[in-house]
Amino acid sequence: MIALLLVLLPLIGGGLVFFLPRPAAVRPLSLLMALSTLCAVVLGLTLYAGIDSWSFDAEWIQPLGARFTLKGDVLGKWMSMLAALGSVLSVLGSWNTDRKKPQRFYGLLLWMQAGMTIVFLSADAFLFYFGWELALIPAYFLSSIWGGERRIAVTIKFFLYTFVGSVLMLIGLIYLHGLTPDGSFQWQAFRNLELEESKQVWLFWLFFLAFAIKVPLFPFHTWQPDTYEQVPTPVTLLLSGVMVKMGVVAMIRWLLPILDIGVFIWSDVLICLAVVGILYASLIAIRQDDLKRLIAYSSIAHMGLTVAALFSLTGFSNNSNVVLQYHLIGFQGVMLQLFSHGVNIMGMWLLADRIESRFGTRKLSELGGLARTAPTLTIFFVVIALANIALPLTNAFPGEFLQFNAIFHAQSPYRIVFLIGSGLGVILSAIYTLNMIRRIFYGETNSATENGLRFSIAEALALSVVVGLILLFGIYPQAALDFTNEYAWEYVKSIDITRFLTK
Amino acid sequence: MNITPYIFWFLSVMALFSALMMVTSRNPVYSVLWLISTFFAISGHYILLNAQFLAAVNIIVYAGAIMVLFLFVIMLMNLNRETEPQKNRWLKLIGALAGGCLLLVMVAALKDAELRSQQAMVGTGSIGLIKVLGKELFTRYVVPFEISSLLFLSAMVGAAVIGKKETPETLKS
Amino acid sequence: MPINYYLFLSLALFSIGMVGVLTRRNAIIIFMCIELMLNAVNLLLVAFSKMHHLKNLAINPMIGVDGQLFVFFIMVVAAAEVSVGLAIIVMMYRNVHSVDIQFLNRLKH
Amino acid sequence: MAMLSFPHIAYLIPLLPLLGFLINGLGRNHLSHRAIAWICSGVMALAFAASGWVFWNLPAGAPTILTAFDFIRVGVLNIPFAFQLDALSALFLLIITGIGFLIHVYSSAYMHEESASQYGRYFAYLNLFVFSMLLLVMGANFVILFIGWEGVGLCSYLLIGFWFRNPAYAQAANKAFVMNRVGDLAFLIAIFWLIARTGSVNFIDLPMALGTVGQSAKLSAMDITGITILLFIGATGKSAQIPLYTWLPDAMAGPTPVSALIHAATMVTAGIYMIARSNLLYTAAPLVLTIVAVIGLATALLAATIALRQNDIKKVLAYSTVSQLGFMFLALGSGAYVAAVFHVMTHAFFKALLFLGSGSVIHALGGEQDIRKMGGLKKSLPITYWTFLIGCLAIAGIFPFSGFFSKDAILLSAFLKSPVFYAIALFTALLTAFYMFRLFILTFGGSFRGMEEQRHHLHESPLAMTLPLMLLAVLSVVVGWIGIPEVLMHGGDRLAEFLSAVIPVASGHEVSHATEYMLMGLSSGLVLLSIYVAWSRYKQYRSEESESSLTRFLDNKWYVDEAYQAAIVQPLHRLAGWIRSFFEPRILDGAVQGVGRVVRYLSQQIRFLQSGQTGNYALWMVIGIVLILSIQFFIRK
Amino acid sequence: MNLLLLAAFWGVLMMFLSVLGISRSRIRLVAQWGMGLLFLSTAAEMQGFVLYDLNAPEMLRVDRYALVLLAILSGCGFLYFLLSATDMAKVGSDYSEYFALIFFVFCGFVLVLSFTSLLMLFLGIEIVTIPLYILTGADKRNLKSNEASLKYFLLGAFSTGLMLMGITMVYGARGSFSSMELVGASGIPTQLLLGGLFLMLFSMAFKVSVAPFHFWTPDVYDGAPTVFTSFMATLVKVAAFAGFFRLFDHAFTSLTPAWQVWAGVLSVCTLMIGNITAVFQQSVKRLLAYSSIAQAGFMMLGIYGLGGVAKEGMVLYAASYSLATIGIFAVLTRMQDYTLEGFNGLAKERPWVAASLTIFLLSLAGIPLTAGFLAKFYMLQAAVEAKYGLAVVIVSVLMAAVSVYYYFRILQAMYFRERSEEVSFPVFSSGFVRVLMLLAALILVMGVQPGWLLRYLYF
């Protein structure tokens, strides 16, 4: 029931908020809905942790064989927690921002969360696709109505780009559906297909493109900076904190286990893309003057690392426990980083939004000296920005640390190159992050920044949650690792393609 | 000695020639007349095939009623001169070519089929007689027969709608 | 007669009608060309009906009636079409005083 | 005290500064100057006391591992959040907390003019700095060490940019952090490599990995070479060696006590510590050792030459640090880990002394740092004068000051490695003495060259500043006596004995006592000569010295910064700019937008098919029919 | 059969009403009731209640497929009348006759959907198209309407000629007009049969506006009075497609290898031409005309991938496409300005209308949660298993993405742009808005639970 609740709460809550007559009650109500979803997740992780409470299965579109199957495996739980958290943060973070038609805004926001939760929890490919798009539609409207000046052109690009990807994936799904003996969309049925290599080689791209565009992976990322720049920040927060994770989650669940040979065949190319993407995005970030675009590019770089690590996990173990163990290490890093990067980037957006709304600009060149006038902001910003570049004792460090291990163990002749390439990203990330901090906080104040900035309680709360999580998983990552360990172990065993060798 | 082939060839040549003339005549009235001549040739074929009923209907309905209607409209519009401006020469050529190609393709496709051994029954056979056709029409074919009345109804309503002159008063009511 | 003769004859007539449709500009003549196409079909139908009749004479002497009845229906439909078609052409003529289809180009792109 | 066992007290050592950091960080807006100073110095004093207790109560034999909790435990990889207490770390603990404490005390006076909140911030950072460094030396594995490693980098970043209104300072802070990160990357890769081969990052597992204990080695020679090189690159970043040293002189942007902290007790010694820590690995990689020695030597020489022409009091000291660190790496590279650690220790005291002394001078002069505008401060700053002199003598290596013993050990090890190394090292030592006394004489000797109003305000610093100076001066004299070479006093090298559990005593070839005496005499004599030259040259200093292409070259620090700018920074910058303003919008996004544009263009063109001509429509239909039929009937099949 | 009888009766009734000279609102009411009755009678027939059995199995056979589609058509027709009946009055004075013609067209639908003889298909198509020629030209003094009517007529008659030639050739090969596969399958000269098949394919492609036989569509849809465009673009097209589907499903299944690839090629051509041309259109009406071509391309996929899934897809497509397009046209009919700019800022002033339009557009674009998505999904699923299916399907989804672009232009106009001064929006009656929302709700419900509709196909 928990799983269903996680979908229904934001869905119904969104509906309630959408048609609320009085704007004043919108924010408390949507916070309530978001919080109750979060509570449901927490309850599901503690009191009702059994697999029963996290599974839901119902007849849906019978002629198609599509079922409404939600199954909260560890990945699903982990990510739906992030989604719930993201929605709480985005409501909190925009608590003091006035918007026209707040009912619609928050209603759509909650629906978006519902869509993402479906993606994270669904064990049925059709439902998965449904959620995939369901998350996109509210995002489109949110962006186009409440976005910046160039919103219309930018969001249609965003929408079309991701749409093209997802319809290609749809074809892949349909194709696999046709191959299942009983015409099913169930994950397990897809998993049981054991496709031959010649099919996997091209089927892979149908899926991969959709996911790569979502993540986004170089060179499919060009929608992202524009979008993040134009979109209202609470939405960006969900987009980059949670929605881009959909891409990785989809790769984890729908790509690696199902098209394992295809993934392995292309893994060199993919890791290469990811690594180039890291360097590329980092370089752009160095020369970026727009705060939001900078964060967007940094997100591309960091997700690139995660993807590189993920694709490093494929290959033959020859039933060697040691190889699998190293894959486990890498995969744990991916799992941890999925959450950590979500938290960090959401923190960054909260701050970016606050800076923009307070000072009316997000150009780094027009800011400066805030360390003196806005010390609290400075502390939050520095902590979160440094967490973003994986300083030890912040949450991203263990994640990235383990991910690098994965790349080091990739079954690729170029793994050293990949490792060094992605490692250079670490240096570049330091450069652009410090540049950003320097240009915002150091130096003399100007007329815009001399008045400083104060946080409201809601904002401070949101930021404190972020910082708290950063420190929690930074100092004691084992909490997260223990949570995901069993799942991760089963997972890395399942994506090992040694079994094809013996055939 | 059978005269049938000669009649067949004569009618065929007449039909083709009249059709060609119909298409190429610049004066619409000539076209109508050539078309009527084609219809006569076709009717002749019907008779040759012993489809007497159709031969009669073809003459009465087509050559008689319909073509007269055409002629009537042409006269009404005063189009009985060679007023038609010529189409672009190239377009004409392409049009003719396209039609010719179609003919060529169809003929080439169908010429070597087993159809070669098939014969059409000429001169005899009872199925073209009014008695046989009438019986069929009012038994097996009564449904389409009834339904074709709907076709006429709608054509009638349609012609009325189109033909009525629109006046400001009728618009207002 | 060999059925091929009829087949090629009516295909030829059909194509002539089609060429007329493609090359002429006068709406009425185009319409007439279409009538020619229909007649070509009719001829072929009758020929086929006689062919099937001949082929199946021993089994079922009624085979082939269908074809001739179909011709009858084609004529019916053609008559209806002519009434509507001419009405439309006349309406057109009333408005623009021409039946030249090349002038029908308000609607394009 | 009965309640507190050894682990508890050991835990206290890093926790105390952390506590200080938290109190000051969170409460800085509500605490007075006095409270802040007391809390910070207090926790440092307690930490020092705890370190002392741990030092004396250190169990003999195997190192003590204190595991707090599992940091990362995934599959075969187990990285506990654990501390390792043995001779080496205990020694470093003492140095760090001791000198740290003195610097805290000193800072409480030095930074007194800052507002309370800035004051609190400063001390919070300082505490955090010490905490990170303690983590670094206490860490029982490479990852914890790395955490501290990055932590000190962060703190140095924060402190160098402490006066954030000056953009140049912020730039310097960035530079420090980024250059450190370059080294860190290599360090990280080394860790990954280690994990890949051995599955463990714990120091105590190193012998096993090397195959010295138990079963066969997990590390091949190639692995060891690779790992050690990478570790060394990491060390060059943190310890300011070629090629990653340029951040350190720039790091003088921070408040002077911070420089003292960075240069003396924390941060830059991390590299030495790390290599000493992994000495087993290095001993197994002789090639890398040679590289380390060469780099160390080159750095020492390079920095010394640059220091010759610096005019900023702190910059001279900074380059001297780089140079001294080079010495230490030379020692490491020569396999004399103990000598390196010894020099770290002595250097810590006299460099702290020198920096704090220079801080006192700057303080007295109201922020003036150019030694050309100083002079004759002997009278107004007597305590500073004397203590500074002791520091200079120590760094120059005059018997019986501490520098003598440690430098002598290094020179000896260099001699053992190769006489050429020895010659260069000796030359560098001479340069050291020369530039240090140039600095000393220009600052304190002669007559005052500053402005009148500065002259009026000249005064000795308050007790909180001078007391640490005096303490450090005493220590700078005596601390060398724990490592008296065997030749002077049998059993005098108590340090090597103490560290023998961590650093096995090398059983290399020895030199005869006679040679040793000769070397000692040679270096001492030459150093004295060099001091004399400096004295005679600068006692009458008036104005600009003569210019030559060599001096210009040195003035510009060998143009290394410029070379880096031209070779790395600028191309990268330009590449990034090109990508940002051309490749991304034109090529990549251009391709995406181009699809849209092509569709729109096609749309515009295709719609002209819709000509409005009925005849054309029919023609298209017929053409379609002909095409399809002819393909179907004549081509397909 | 219920529908055939009632529709014929109501057609005649409407014909006479015009002579009686009763008021327009009465006429409209009668028409609406009649259409409602048609729907109910069809629904009743599905439950086994048959008014009169014509009993001519070799001519007509109303099977479940036909019934479900007829129910959809009459249901949509009812909604269409509810939404747009008042707007017909603005076209011309022959109010009642328009209804009569539409009812006659419905008779044609029955034939097209339930024929078992090619003769009935031919008659059905003629009964459908002849009234349409009239309706297209109903706005008699509007030259565009005249022109559209004449173009439609000439090309329509031309395609009828093709179809007849095709039927004749099939007859020649088979000796029967039955559209059932079994009859006369022996000793056939296949070339002749194939020739006939292709000619029928072309003429049906013309009726459903599949490229390259689509050229009449934009002009005719654009020129015809908007209310009737709505009718043509939705119900007529769907019925024609259903007939197309039925023809190939029943008659030519064994010849699939010959024509299947061509169906794919035509479908790809249609998708490309329809979608790409639509991108540049400024007039919403013309844009919808091209979009209807594009949608035809998608429906063509159903014929390409003929089979069980395709049949379900056809039903779903019929319903979703009709509902959405009727809704959009109903609003468009009342707009002052047919250009995209005319929709600027609609959402602010007419939020519910805009919301419904949004759902219609999303459905047409094939966004999940709407019936349009599922319809496309079924079509893709049907097509993907055909020969070369994957390539065809990939092209079609890419074109679907293009379609998103132009559908969203309308969305953008409504939601994200400000109204221009000179345009004022019509006042929509609350009843109208409610029906519109009903349409939207139906689309959403079908988008989540298509089973509720599809189960009528079986049992």
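Below, read A as the first sequence line, B as the second, and so on, with proteins coming before strands; counting in each chain starts at 1. Atom set for the values below is all heavy atoms of this structure, side chains included, hydrogens, waters and symmetry mates excluded.
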Residue [X] versus chain B: region with a heavy atom under 4.5 Å:
X: C:M1; result: both
X: C:L43; result: both
X: C:L38; result: side chain
X: C:L7; result: side chain

Side-chain donor-acceptor contacts of residues 57-70 of chain C below 3.5 Å, not counting sequence neighbours, with atom names and distances?
| residue | atom | partner | partner atom | Å |
| --- | --- | --- | --- | --- |
| C:N60 | OD1 | C:M62 | N | 3.0 |
| C:D66 | OD1 | B:R140 | NH2 | 3.4 |
| C:D66 | OD1 | B:Y141 | OH | 3.2 |
| C:Q68 | NE2 | C:S49 | OG | 3.3 |

At a heavy-atom separation under 4.5 Å, does [X] approach chain C through its side chain, its backbone, both, or neither?
X: B:M67; result: side chain
X: B:L103; result: both
X: B:S43; result: neither
X: B:S31; result: both
X: B:W34; result: neither
X: B:V32; result: both
X: B:L93; result: neither

Do [X] and [Y] touch side chain to side chain, with heavy atoms closer than 4.5 Å?
X: C:N39; Y: B:T38; answer: no
X: C:N42; Y: B:Y62; answer: yes
X: C:L22; Y: B:L91; answer: no
X: B:M106; Y: C:S15; answer: no
X: C:C33; Y: B:V23; answer: yes
X: B:I162; Y: C:V90; answer: no
X: C:F72; Y: B:L137; answer: yes
X: B:Q119; Y: C:M51; answer: no

task = Determine, step by step, whether B:F145 and C:F73 satisfy the ring-ring contact (aromatic ring centres under 6.0 Å, His included) criterion, reporting the C-alpha distance in whole Å, the side-chain angles of both residues, the deciding distance to 0.1 Å, and the verdict.
result = CA-CA 8 Å; B:F145 183 76; C:F73 280 106; 7.1 Å; no
Top of [options] for chain B proximity - count of heavy-atom pairs under 4.5 angstrom:
options: C:I16, C:V71, C:V84; value: C:I16
options: C:S83, C:G85, C:A12; value: C:A12
options: C:V82, C:L86, C:I88, C:V77; value: C:L86

Residue pair [X] / [Y]: nearest heavy atoms and the distance that separates them:
X: C:V99; Y: B:M77; result: CG1-SD, 3.6 Å
X: B:A120; Y: C:A47; result: CB-O, 3.8 Å
X: C:V19; Y: B:G99; result: CG2-CA, 3.6 Å

query = Which side chain to side chain donor-acceptor pair (under 3.5 Å) pairs, counting each pair once, include a residue from residues 100-109 of chain B, with sequence neighbours left out?
reply =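 Residue pairs passing side chain to side chain donor-acceptor pair (under 3.5 Å), neighbours aside: none found.
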task = Tell me whether the centres of the aromatic rings in B:F8 and C:Y6 are closer together than 6.0 Å.
result =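 Here the rings of C:Y6 and B:F8 have centres that are less than 6.0 Å from each other.
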inquiry  = If you apply the rule side-chain contact (heavy atoms from CB on, under 4.5 Å), what do you find for B:F152 with C:V76, and how did you get there?
reply    = CA-CA 8 Å; B:F152 273 105; C:V76 167; 2.9 Å; yes
inquiry  = Between C:T23 and B:T24, does the side-chain contact (heavy atoms from CB on, under 4.5 Å) criterion hold? Intermediate values first, please.
reply    = CA-CA 9 Å; C:T23 50; B:T24 49; over 6 Å; no
message = Can you confirm whether more than 12 heavy atoms, excluding those of C:F8, are under 6.0 Å from its CZ atom?
response =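 Yes, the 6.0 Å shell around CZ holds more than 12 heavy atoms from other groups.
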Rounded distance (nearest 0.5 Å) linking atom CZ of B:R26 with atom CG of C:N26 =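 It comes to 12.5 Å.
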request  = Kindly say whether B:L49 contributes a backbone atom to a donor-acceptor pair with the side chain of C:K50 at under 3.5 angstrom?
outcome  =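 The answer is yes, because a donor-acceptor pair under 3.5 Å joins these two groups.
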